[in-house]
Each structure stands twice: as structure tokens, then as C-alpha cells.
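Heads up, the thing below is written out as C-alpha cells.
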Amino acid sequence: MENSSNSDENYDVGYQPSPCSTDPNDQSTMSGDSFVYCRTYSSTSVFSEPVDDHHSCCSEASPSCSSHWSTKRTGGVVPQKQALLTRLVTKQCKNSNAGDHQKLDDLESLDLELEMMKERFAKLLLGEDMSGSGKGVCTAITISNSITNLYATVFGQNLRLEPLNPEEKALWKREMDCLLSVCDYIVEFTPKSHNLRNGAAVEIMESRQRSDIYINLPALRKLDAMLIEILDSFQDREFWYAEQGSMSANSTRMGSFRRVVQRNDEKWWVPVPCVPSSGLTEKARKHLRHKRECANQIHKAAMSINNSVLSEMEIPDSYMASLPKSGRASIGDPIYRYMYTTEKFSPEYLLDCLNIASEHEALELADPVEASMYTWRRKACMIHLKSSWSMVKDLMSDVDRSDKNHILAERAESLLFSLKQRYPELSQTSLDTCKIQYNRDVGQAILESYSRVLEGLAFNIVAWIEDVFFVDSTTRNQD
């Protein structure tokens with residue numbers, strides 16, 4: 001025992017604690033709650049800092065171990081730091097008096113969250129290739145898939161106008177903070193004027209978030225908070241939900257209006273909203289109309305950001321290589337004749353004539369129209385013998401505006417725009433999917449996936465409110 005004590009004392013000779021670990025102004029490094037999901041803006045990430053085995057062994061120790069550590073290792077601690085260590089030990093001792101069982105539960109929860117963090121970042125670094133052979137997808141695809149999967153985990157089972165569970169809400173906020181923290185380090189240098197002491201003005205370069213992230217990410221965070229607030233506003237509501245096939249006390253009432261309110265077969269899993277026999281009050285309808293308008297505006301804003309990010313993504317060479325040789329063969333003779341022979345082209349009139357009955361038919365039209373548009377644009381620039389899209393885009397300003405291919409490409413673009421406006425819930429086209437698949441820009445991947453999931457949540461909220469309005473109007477008409 002004496003030898004071990006002497007060895008500890010010899011080990012502590014000249015020991016100086018790290019400034020970052022004993023800074024009294026730093027409250028985040030010693031807090032158990034904030035340490036796990038701390039977001040740092042320093043030049044070194046907290047996940048890459050070296051760990052001292054002699055210190056880390058006491059990070060999960062009991063208060064008695066902490067007290068023993070402080071009594072045996074005070075010889076090397078400077079006096080002004082001793083007060084901080086004393087306060088930490090006292091705080092741990094007070095917490096231990098509250099109950100050892102609660103402390104063990106907190107430690108287990110902390111360990112579980114740490115393991116989840118390790119798993120998330122391991123998948124990120126491995127590119128979802130658990131073999132470790134380096135055949136995984138790139139970082140951009142991994143983060144995009146992580147955001148999409150997180151949305152499905154939190155909101156996939158939430159098919160009602162009601163607040164999220166506290167656990168799900170905390171999971172969404174915590175995991176999104178971790179995934180979005182990557183954007184803090186995607187920076188660019190911008191010039192800034194700086195005045196010296198002698199009054200001379202010089203220009204220096206400072207770093208800030210990349211322009212697209214600097215503009216769009218705060219907007220998406222705001223839209224996210226607004227959608228959560230909309231769901232929270234339905235804590236006290238006059239309507240309720242009944243599962244299909246439920247044998248609850250409301251089964252008689254549910255069956256009475258379900259003979260009138262027919263649900264689509266593909267929506268069999270969606271809970272059926274129920275309202276009182278007299279319908280909703282005017283106050284409840286006013287609240288629903290207000291939230292529907294808010295969610296609709298959020299949907300438009302998220303869709304606008306998503307379209308903007310997708311338009312900035314580079315078109316993969318594989319898509320350009322797969323384009324048909326003839327735009328006419330892609331869209332068909334009837335549409336081609338109208339686009340080519342009409343002097344004043346009206347995309348709205350053309351869509352009315354096509355009689356599109358479903359989103360699936362709209363998507364089947366969007367893909368060939370988009371492909372023919374790029375086919376005609378490529379033909380308009382064929383004289384330059386440059387096929388890559390980055391070069392084609394630069395040469396579009398030099399193309400003769402009266403060229404037949406250029407006119408057809410513009411009309412195809414207007415037709416595609418009108419189609420997306422008429423069907424805002426239209427799925428991603430083949431080009432959009434190809435862009436996401438081959439995108440290597442991490443910032444664009446985060447913005448695209450974040451805006452896409454928010455767009456989907458906003459659209460679902462609008463649809464759920466419409467379901468309640470439909471049931472309410474049907475019930476009042478029956479009376």
C-alpha cells in the first residue's frame with residue numbers, strides 16, 4: 001500500500017490541470033447533460049480531443065471515488081483551482097444523497113445515449129458500410145439518409161393532429177442538432193474592412209458559413225419550429241380519432257359517418273377523425289383554418305428551398321448520357337405537335353386537354369418532358385461540341401433565341417413548371433433522384449433532405465386538417 005501511495009505521489013509531481021477542464025467560466029465541459037450533445041465552435045471538435053485514461057476513469061465514478069481523487073491529487077493542483085474541485089465534489093455528494101437508484105438510472109441513460117452517438121458517427125464515417133472495406137456511400141448520401149430515416153422514426157407513426165411525445169420531440173431536436181452541426185464548419189472566406197489603431201483601413205478575410213447554408217439553414221430551422229408549434233396547438237381539441245376496425249365506445253358513431261365518408265383503399269392505415277354530433281364550434285373551425293393556412297405557407301417555403309437546392313446541384317453525366325436522341329419520341333407526337341405548331345403556347349391549356357387523373361400519371365408525364373427539355377437544350381448547343389451540362393449551361397446565352405430546339409426547350413420547361421404547380425405533392429422526378437444519388441456536396445445534401453422532410457410534414461398537416469373539415473361538414477349536413 002505504501003508503494004502504491006508513493007507511486008501516485010510521484011506521478012502527480014509537476015501535474016498541472018488543463019485550462020479547459022478547470023476554467024470556472026466554462027460550464028459545459030463538466031455538465032453531464034450538455035456534454036454528451038455539446039456543439040462546439042472551436043477549431044477542435046470535442047470528439048477528437050485526446051482522452052487521458054487516468055482522468056477518464058473517474059468521469060463515471062461514484063462520489064466517494066471523486067472524493068478520494070481530490071484528497072490524493074491536491075498536491076499538484078494550483079490553489080485557485082482547488083475551490084472549483086471542492087464545489088464539484090460537494091455537488092456530487094448532494095446528488096448522491098437524493099438516491100443511488102436515480103443516479104444509476106441517469107448513468108445508464110447517459111451510457112445509452114453515448115452508445116447511440118457512437119453508432120451514428122460510426123455509420124457516418126463508414127458510409128453505412130459495416131464491413132469497413134471503404135465501399136460505403138459518400139458522406140453527403142449518408143447524412144441525407146440519416147435525416148430521412150430520423151424523420152421516419154419520429155413522424156412516421158404520427159398520423160394525427162396532436163403534439164409529439166416528449167421523448168420523440170427530444171429525439172428529433174437532439175439528433176437534428178448533431179446532424180446539422182456539420183454546417184457550422186462548411187465555411188467560405190469573405191472580405192471585411194478593419195480599422196487599425198493608426199486609423200488606416202485595411203481589408204481582411206474572415207470565415208463564415210457558406211452563402212447557401214447561411215441563408216437557408218436558419219429559415220429551415222424556423223419552419224421546423226413552426227411545424228412543431230402547430231402540432232402542439234392541438235393539445236386541447238374538440239375532435240378525436242378512431243382507428244379503423246376499432247370496437248371502442250365510439251364505434252357506433254364512427255360507423256354512422258363512415259358509411260358516408262369513404263376512405264380510399266390506399267389510406268386504410270390513416271386514423272379516422274371524429275367530431276361531435278353537432279359538428280365543431282366556430283372557434284375550433286377558425287383555429288383549424290388558421291393552422292391550415294400556416295402549414296400551407298410553410299409547405300410552399302420548404303418546397304421553394306428544396307427546388308432551389310436541387311436546381312443548384314450538378315446534373316450527373318450518367319443522366320446526360322441516358323437522354324433520348326429525340327425529344328419528340330420522348331413526349332409523343334400529340335404533345336410535340338401542339339408544342340411545335342402553336343404560336344402562343346399555353347401549358348395550362350395543354351394540361352387541361354391531357355386530363356391527368358392522378359399523381360402517378362402526372363409523374364409519368366413529368367419525366368419525359370424533363371428529359372426532352374435537356375435533349376433540346378443539348379441539341380441547341382451541339383455546334384460547340386460540348387456535352388457536359390456545366391458547359392452547356394454557360395453556352396445557353398450564346399444560343400440563337402429563334403432556334404427551333406431552343407423554343408421547344410423553353411416550352412417544355414414552362415410545361416414542367418405548370419405541372420409541378422398544379423400537383424405540388426408530385427414525387428421527385430428521375431432527374432431529382434439522380435441528382436441526390438450522385439451529389440457529393442455535404443451542404444447541399446443537408447439542405448435538400450431537411451427541406452424535403454419539412455415539406456412532407458407540412459403537407460401531411462394540411463391533409464389531416466382537410467380530413468377533419470371534411471368529416472365536420474359531412475356530419476353537419478347529415479343533421
Side-chain angles (χ1 to χ4, degrees), residues 123-124 126-129 131 133-149 186 210 212 303 305-332 335-336 359-360 362-399 405-406 408-413 415-417 419-420 426-453 455:
K123 291 182 178 180
L124 177 63
L126 293 173
E128 301 177 356
D129 177 24
S131 67
S133 58
K135 298 180 181 180
V137 298
C138 66
T139 306
I141 300 297
T142 306
I143 294 183
S144 178
N145 292 340
S146 299
I147 294 177
T148 304
N149 294 335
I186 302 177
R210 205 173 64 189
D212 57 339
M303 183 172 60
I305 295 176
N306 187 263
N307 291 336
S308 175
V309 175
L310 284 173
S311 65
E312 292 297 326
M313 287 185 180
E314 294 184 0
I315 299 180
D317 294 336
S318 60
Y319 180 83
M320 297 297 295
S322 65
L323 289 177
K325 295 182 179 180
S326 172
R328 179 175 183 174
S330 177
I331 62 175
I335 299 178
Y336 175 80
E359 300 173 18
H360 181 69
L363 185 61
E364 287 183 343
L365 176 62
D367 283 335
V369 168
E370 193 170 41
S372 62
M373 176 182 67
Y374 287 106
T375 299
W376 287 321
R377 284 182 176 176
R378 183 173 60 179
K379 285 185 176 182
C381 302
M382 281 296 289
I383 62 172
H384 299 279
L385 300 178
K386 296 179 179 180
S387 59
S388 67
W389 173 242
S390 60
M391 297 180 182
V392 171
K393 187 165 57 174
D394 295 336
L395 293 170
M396 286 304 296
S397 59
D398 300 332
V399 175
N405 292 314
H406 177 73
L408 288 173
E410 283 190 339
R411 291 183 175 182
E413 183 178 9
L415 177 60
L416 182 64
F417 178 79
L419 186 64
K420 290 183 177 181
L426 191 67
S427 302
Q428 292 173 336
T429 62
S430 299
L431 176 59
D432 295 338
T433 306
C434 190
K435 283 183 175 181
I436 297 173
Q437 179 182 358
Y438 290 95
N439 173 55
R440 296 296 181 267
D441 190 297
V442 177
Q444 289 180 344
I446 292 176
L447 295 177
E448 189 281 326
S449 56
Y450 196 15
S451 60
R452 172 161 38 87
V453 298
E455 176 185 343

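Note: hydrogens, waters and symmetry copies are ignored here, and every other heavy atom, side chains too, is used. No experiment lies behind these values; they were computed from the predicted model shown.
- With T375 contributing its side chain and L323 its backbone, the two residues share no donor-acceptor pair below 3.5 Å.
- Side-chain contact, D432 with T429: a donor N or O sits under 3.5 Å from an acceptor N or O.
- Between the S144 side chain and the A140 main chain, no donor and acceptor come within less than 3.5 Å of each other.
- With sequence neighbours excluded, no residue forms a side chain to side chain donor-acceptor pair (under 3.5 Å) with S146.
- Remark: K135 pairs with D129, S133 by the side chain to side chain contact (heavy atoms under 4.5 Å, CB included) rule, at least two apart or across chains.
- In terms of the salt bridge (Lys or Arg N to Asp or Glu O under 4.0 Å) criterion, residue partners of R452 (sequence neighbours excluded) are, by chain and number, E448.
- With sequence neighbours left out, I143 forms a side chain to side chain contact (heavy atoms under 4.5 Å, CB included) with L124, T139, I147, V182, V442, I446.
- When the side chain to side chain contact (heavy atoms under 4.5 Å, CB included) test is applied to S326, the partners found at least two apart in sequence or on another chain are R328, A329.
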| Between L365 and I335, does a side-chain contact (heavy atoms from CB on, under 4.5 Å) hold up when you go through it step by step? | CA-CA 10 Å; L365 176 62; I335 299 178; 3.7 Å; yes

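- With values rounded to the nearest 0.5 angstrom, L447 atom CG is found 8.0 Å from I305 atom CD1.
- Separation of atoms CD (Q428) and CD1 (I436) is listed at 4.0 Å; rounding is to 0.5 Å.
- When the side chain to side chain donor-acceptor pair (under 3.5 Å) test is applied to S430, the partners found at least two apart in sequence or on another chain are D367.
- With hydrogens and angles ignored, the 3.5 Å screen pairs a side-chain donor or acceptor of N307 with a backbone N or O of M303.
- In this structure, CD on E370 lies 10.0 Å from CD on E413, to the nearest 0.5 angstrom.
- Take D212 and apply the side chain to side chain donor-acceptor pair (under 3.5 Å) test, not counting sequence neighbours, and it matches R210.
- Residues forming a ring-ring contact (aromatic ring centres under 6.0 Å, His included) with Y336 (at least two apart in sequence, or on another chain): Y340.
- In this structure, CD in Q437 is found 7.0 Å from CD1 in I141, a value given to the nearest 0.5 Å.
- Remark: C138 SG to N439 CG distance equals 7.0 Å, nearest 0.5 Å.
- Under the side chain to side chain contact (heavy atoms under 4.5 Å, CB included) criterion, S372 pairs with S330, I331, W376, A412, sequence neighbours left out.
- With sequence neighbours excluded, the residues satisfying side chain to side chain donor-acceptor pair (under 3.5 Å) with S451 are N306.
- Proximity of D441 to M313: side-chain heavy atoms (C-beta onward) are nowhere separated by under 4.5 Å.
- Between P324 and R378, the closest heavy-atom pair is O-NH2, 4.0 Å.
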| query | Do Y438 and Y319 pass the side-chain contact (heavy atoms from CB on, under 4.5 Å) test, and can you show the C-alpha distance, the side-chain angles, and the key distance before you say yes or no? | reply | CA-CA 10 Å; Y438 290 95; Y319 180 83; over 6 Å; no

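- How far CZ of R377 is from NE2 of H406: 8.5 Å, rounded to the nearest 0.5 Å.
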